[in-house]
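Residue numbers start at 1 and run along the sequence shown.
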Amino acid sequence: MTAHCLTEVDHTIIKFTEKRSSFQVNNKNKRAVVRHKVDGCLITVGKKCDWLLVDKLTGNEIYIELKGSDVDVALKQLCASVDVLGQKGTKKFGYIVCTRSPISSPAIQKMQKAVMKSHYLNLRVRTVSHTEEIEQLL
C-alpha cells in the first residue's frame, strides 16, 4: 500500500465530504484509526469506494461512499472495495451517504441482507449528512 494514501489519526471528529454529502465519525475517546483514501489512491482502476476507516486496535473496517443518488452503483463500489481491501475476521460496515435516496426502505433492506450474506458487510444507507459514534461501530 502506498503511504500517502494512509493517515493515522486520533481526532475527536473525523469528517468525510464530497459535494453535498458528508459523513462524520465522532471519536470522543480519541481511538487510533487509519484513514485510507481508496478512490484514486489505494485502488486506481475499476469500481471503488471513496474512503476506508480502520480501527487500529480491532482492525474493524468502515467503508464509505459519498454519492449523489445512485445507491446501486454505490453498493457495487463498496463491494468491489471489500473484495480488494477487506481483511478476514474483522467487522465490516459500509456507509452510502447520498444526496437523496431514490429507492424504498424495503429495497434497501433487501440490499442489506444480500450484502451481509455475500461480503459480511453491515450496510447503512443515509441521506445527505450523517454522524456516527465510533464506539457504536467497534
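- Formation of a donor-acceptor pair under 3.5 Å by the Glu61 side chain with backbone atoms of Thr90 is not found in this model.
- Using a 4.5 Å heavy-atom cutoff, the side chains of Thr12 and Lys28 are not in contact.
- One distance of note links OG of Ser81 with NZ of Lys76; it measures 14.0 Å at 0.5 Å rounding.
- Judged by distance alone, with hydrogens and angles left aside, the side-chain atoms of Glu8 form no donor-acceptor pair with the main-chain N or O of Val34 at under 3.5 Å.
- In terms of heavy atoms, Lys67 sits closest to Ala74 at CG-CB, 4.0 Å.
- Placement of Val73 and Val128 in two distinct hydrophobic clusters is found when ILVMFWY residues are connected by side-chain heavy-atom separations under 4.5 Å, directly or transitively.
- Val9 and Ile134 fall within a single hydrophobic cluster, where Ile, Leu, Val, Met, Phe, Trp and Tyr are joined by side-chain heavy atoms under 4.5 Å apart, directly or via other members.
- Between Lys91 and Asn122 the shortest side-chain heavy-atom distance does not fall below 4.5 Å.
- No side-chain donor-acceptor contact under 3.5 Å links Arg35 to the backbone of Trp51.
- Leu121 and Leu78 get closest at one heavy-atom pair: CD2-CB, 4.2 Å.
- Residue Leu53 holds its CG atom at 10.5 Å from OG1 of Thr7, rounded to the nearest 0.5 Å.
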side-chain contact (heavy atoms from CB on, under 4.5 Å) between Val38 and Ile43, worked out: CA-CA 6 Å; Val38 177; Ile43 302 174; 3.8 Å; yes
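- Minimum heavy-atom separation, Thr127 to Thr99: CG2-O, 3.6 Å.
- Nearest heavy-atom pair across Asn26 and Glu135 is O-OE1, 4.3 Å.
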Output, in order, the C-alpha distance, side-chain angles, deciding distance and verdict of side-chain contact (heavy atoms from CB on, under 4.5 Å) for Ile62 and Asp55. CA-CA 9 Å; Ile62 303 167; Asp55 181 63; over 6 Å; no
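- Taking a 6.0 Å sphere around NZ of Lys47, one finds it holds 12 or fewer heavy atoms contributed by other residues, nucleotides or ligands.
- Looking at residues two or more places apart in sequence or on another chain, you find no salt bridge (Lys or Arg N to Asp or Glu O under 4.0 Å) involving Lys113.
- Expressed to the nearest 0.5 Å, how far CG of Leu85 lies from NZ of Lys48 amounts to 11.5 Å.
- Annotation for Leu66 and Ser21: closest pair CB-CB, 4.0 Å, computed over non-hydrogen atoms.
- Looking only at side-chain heavy atoms (C-beta outward), His119 and Leu75 stay at 4.5 Å or farther from each other.
- A 4.5 Å side-chain heavy-atom check between His11 and Asn27 finds every atom pair outside the cut-off.
- The CD atom of Glu133 lies 9.0 Å from the CD atom of Gln24; values are rounded to the nearest 0.5 Å.
- With sequence neighbours left out, the side chain to side chain donor-acceptor pair (under 3.5 Å) criterion links Glu132 to Tyr95, His130.
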Apply side-chain contact (heavy atoms from CB on, under 4.5 Å) to Asp50 and Phe16, showing your working. CA-CA 9 Å; Asp50 296 317; Phe16 305 89; over 6 Å; no
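- Rounded to the nearest 0.5 Å, atoms CZ (Phe23) and CD (Glu18) are 14.5 Å apart.
- Under a 3.5 Å cut-off, the side chain of Lys37 and the backbone N or O of Asp39 do form a donor-acceptor pair.
- Cluster membership for Phe93 and Tyr120, using ILVMFWY side-chain heavy atoms within less than 4.5 angstrom, is not shared.
- Looking only at distances, no side-chain donor or acceptor of Lys92 sits under 3.5 Å from a matching main-chain atom of Leu123.
- Here the CD1 atom belonging to Ile96 is positioned 13.0 Å from the CZ atom belonging to Arg124, to the nearest 0.5 angstrom.
- Heavy atoms only, all atoms of each residue included: Ser129 and Val97 are closest at N-CG1, 4.2 Å.
- Placement of Met111 and Met116 in two distinct hydrophobic clusters is found when ILVMFWY residues are connected by side-chain heavy-atom separations under 4.5 Å, directly or transitively.
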